[in-house]
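What follows is a set of notes on a single structure, which appears directly below.
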Amino acid sequence: MLRYKDGRSLFHKLDSRTKFFFFFSTLSLFSTNILYLSSIFVFTLFVFLANRLSFQDIKGFSKFFIIFSILLVIFQGFFYPFGKTHLLSGFPITFEGIAFGFAISLRLFTILFSLAILMLTTKQKHLLESLGNFLPKDLAFSLTTAFRFIPIFEEETKTIIISQESRGLKKRGPRRLTFYFPVIVPLFTKALERAKNLAMSVETRGFGKAKTRYNLKMKTNDWIIVLGTLIFGVLCFWLFII
Amino acid sequence: MGIKIRNLNFAYSETPILRNINLDVNDGEFVGIVGPTGSGKTTFALCLNGIIPHLIKGKFSGDVEVSGKNTKSFEVFDLAKSIGLIFQDPDSQIFSITVEDEIAFGLENMGLEKNEIKRRVDGVLNALKIKDLKEKETFALSQGQKQKVCMASVLAMDPEILVLDEPTSQLDFRGTKEVYRILKDMNKKGKTIIVIEHKVEWLLKYADRILVLDRGNFVLNGKPSEVFRNPKLEKIGIEIPKAFRIEKFLKKSGIKVDFEKLVRV
């Protein structure tokens, strides 16, 4: 998972709103121009590496993304409706299709790296505070809390599987499809119970009536990054799209 | 001040869970609540800090007054400054990634200054002797440590009354001892402590007063040495502490002894 990783890099010290700005501006939704997308991808990758984040941190995701991208390139190659240049005679693979699939994949990877930069360098409570700028506070709280419970659910699923298997539940064989029912039901029951308890516990500690929460401060570094990202974005747009 | 309960009745749907409870708890008392499973202990605890009737709806009647505030007219948030409730399962209470954030949560909600929050977090970590956990990630803690973090997060808000719902259910002997040591410390500093507990030996050792809850009503109420010697106890389904069982046995054989001093702290 993309969980916060302690560090002392530039992005670790930035205001979370700056990082959100960075995240949104690298989404590169304007165009599928390959040069445009590549330059934003390289820029994001540079920021990723410059903040001493490693590929190890996004291993789980990149596997999925790589498979997905390969499929994307193949499918687009075959089925892109505006393709004209056939690469192999007799086969409906077009150059435009492959290029389009490649562009979409680039965009996906840019989002992955950009999201990783945001999530890996921002503490949960800072995410919450800036999410609170865009979303209602309760919703922002629920979202960030959900992240914290993922490892617990993983742990619980393991325990439930072990206990059901020790009662003779078989993972293989003809009844394989029904395997997950006895696992999911207790998991959900427990999750609901936990949600109820969490709500009570949070309420007990005075959630909902906060007057002053966290102190946000944009420093010089933040403005430099915001300005830098903005200039870079406009430059790419101007060079490759207009 | 303390807690004043008059004619408290509560039912989630049809079956009454709490029946006509009347109770006074004075400031600075250390009260233990025992009762068989399903007797309404947890429901009673939820009534104390206003979760019932504000969050959990049901048939509620009667008055609960905590430090002079009636739970019907004050919200859970306002009551939180007077009464802290620590739930049974630490895993469903902790939601922050670091211990420090978890403890600061309630303080931030109170709207305190940043420096004051820092001071209080450090203070409570020192008091519970878990200073080394401050920067740790919450999901990497042991059950005992999680339990302490839960206690710290409520203690940091500095409520006058502390209610704990089976705080030691997941702890071993050492962990339990540690929790009771902390509670006794807090009690000496003037806090009112109410503990719901199955381990009667510990209540006998530390509590000033024992309440026995059976089918929604307090059937016994008195000093530990009196309540735990009551022959009714086993019928209700509560274990009689070992010392008193031996005492009873010896009495039958004609030997008169008083084990009270032996078991009290």
Side-chain angles (χ1 to χ4, degrees), chain A residues 1-8 119-129 132 137-138 140-156 159 187 189-217, chain B residues 42 45-46 48-52 54-56 75-81 83-98 100-117 135-140 146 150 152-157 159 162-163 165:
Chain A
M1 270 317 291
L2 295 175
R3 205 179 288 147
Y4 173 72
K5 200 180 144 206
D6 230 357
R8 289 170 182 279
M119 299 296 290
L120 292 171
T121 64
T122 317
K123 280 189 182 174
Q124 185 200 26
K125 77 170 191 185
H126 294 137
L127 274 181
L128 171 66
E129 99 199 88
K137 208 181 79 194
D138 291 1
F141 177 78
S142 319
L143 277 177
T144 46
T145 307
F147 275 102
R148 136 88 176 115
F149 279 91
I150 288 168
I152 288 188
F153 281 127
E154 281 170 358
E155 203 59 34
E156 254 168 23
T159 316
L187 193 65
T189 323
K190 234 177 165 184
L192 290 175
E193 181 73 22
R194 176 155 289 154
K196 193 190 87 187
N197 284 337
L198 184 71
M200 291 198 293
S201 162
V202 165
E203 199 79 21
T204 303
R205 283 183 274 161
F207 183 69
K209 274 237 180 151
K211 287 160 205 154
T212 55
R213 281 195 79 148
Y214 318 118
N215 303 330
L216 285 165
K217 229 177 204 169
Chain B
T42 301
L46 297 179
L48 291 178
N49 81 333
I51 285 187
I52 296 174
H54 290 295
L55 281 186
I56 297 175
E75 279 187 58
V76 181
F77 171 78
D78 299 309
L79 291 164
K81 288 169 199 157
I83 188 163
L85 179 55
I86 297 159
F87 296 86
Q88 196 175 342
D89 175 21
D91 270 326
S92 59
Q93 294 174 64
I94 298 173
F95 54 86
S96 306
I97 287 178
T98 68
E100 190 183 7
D101 288 349
E102 180 68 21
I103 298 172
F105 176 75
L107 304 172
E108 281 160 355
N109 287 337
M110 284 167 81
L112 297 179
E113 290 285 316
K114 221 175 183 181
N115 287 332
E116 173 70 7
I117 291 178
E135 310 277 329
K136 285 244 169 86
E137 289 178 330
T138 49
F139 52 82
K146 279 182 189 169
C150 287
S153 63
V154 172
L155 277 174
M157 294 173 78
L162 213 57
V163 184
D165 188 357

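Below, chain A is the first sequence line, B the second, and so on; all start at residue 1.
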Would you mind checking which part of B:Leu85 comes under 4.5 Å of any heavy atom in chain A, side chain (CB onward), backbone (N, CA, C, O), both or neither? both

Checking B:Phe95 against chain A: side chain, backbone, both or neither under 4.5 Å from a heavy atom? both

Could you go step by step and tell me if A:Met200 and B:Ile56 meet the side chain to side chain contact (heavy atoms under 4.5 Å, CB included) rule? CA-CA 9 Å; A:Met200 291 198 293; B:Ile56 297 175; 3.7 Å; yes

Just verifying a value: how many Å separate B:Cys150 SG and A:Arg205 CZ, rounded to the nearest 0.5 Å? 7.0 Å

Region of B:Thr138 in contact with chain A, defined by heavy-atom distances below 4.5 Å: side chain

With a 4.5 angstrom heavy-atom cut-off, is it the side chain or the backbone of B:Leu79 that approaches chain A, or both, or neither? neither

Heavy-atom closest pair, residues B:Gln93 and A:Leu198: O-CD1, 3.8 Å

Is there a side chain to side chain contact (heavy atoms under 4.5 Å, CB included) between B:Asp89 and A:Arg194 once you walk through the steps? CA-CA 9 Å; B:Asp89 175 21; A:Arg194 176 155 289 154; 3.6 Å; yes

Side chain, backbone, both or neither of A:Ile152 within contact of chain B (heavy atoms, under 4.5 Å): side chain

Interchain contact, B:Ile86 with chain A, by part (heavy-atom threshold 4.5 Å): neither

Taking B:Gly50, B:Gly84, B:Ser96 one by one, which has the highest count of heavy-atom pairs under 4.5 Å against chain A? B:Ser96

Give me the atom names and distance for the closest heavy-atom approach of B:Asn109 to A:Gly206. CB-O, 3.2 Å

Contact origin within B:Glu102 toward chain A - heavy atom pairs under 4.5 Å: both

CD of A:Glu156 to CG of B:Asp91: how many Å apart, nearest 0.5 Å? 7.5 Å

Find out whether B:Asn49 and A:Glu203 are in side-chain contact, i.e. whether some heavy atom of one side chain is under 4.5 Å from a heavy atom of the other. no

Minimal heavy-atom distance between A:Val202 and B:Phe105, with the atoms involved, is CG1-CZ, 3.8 Å

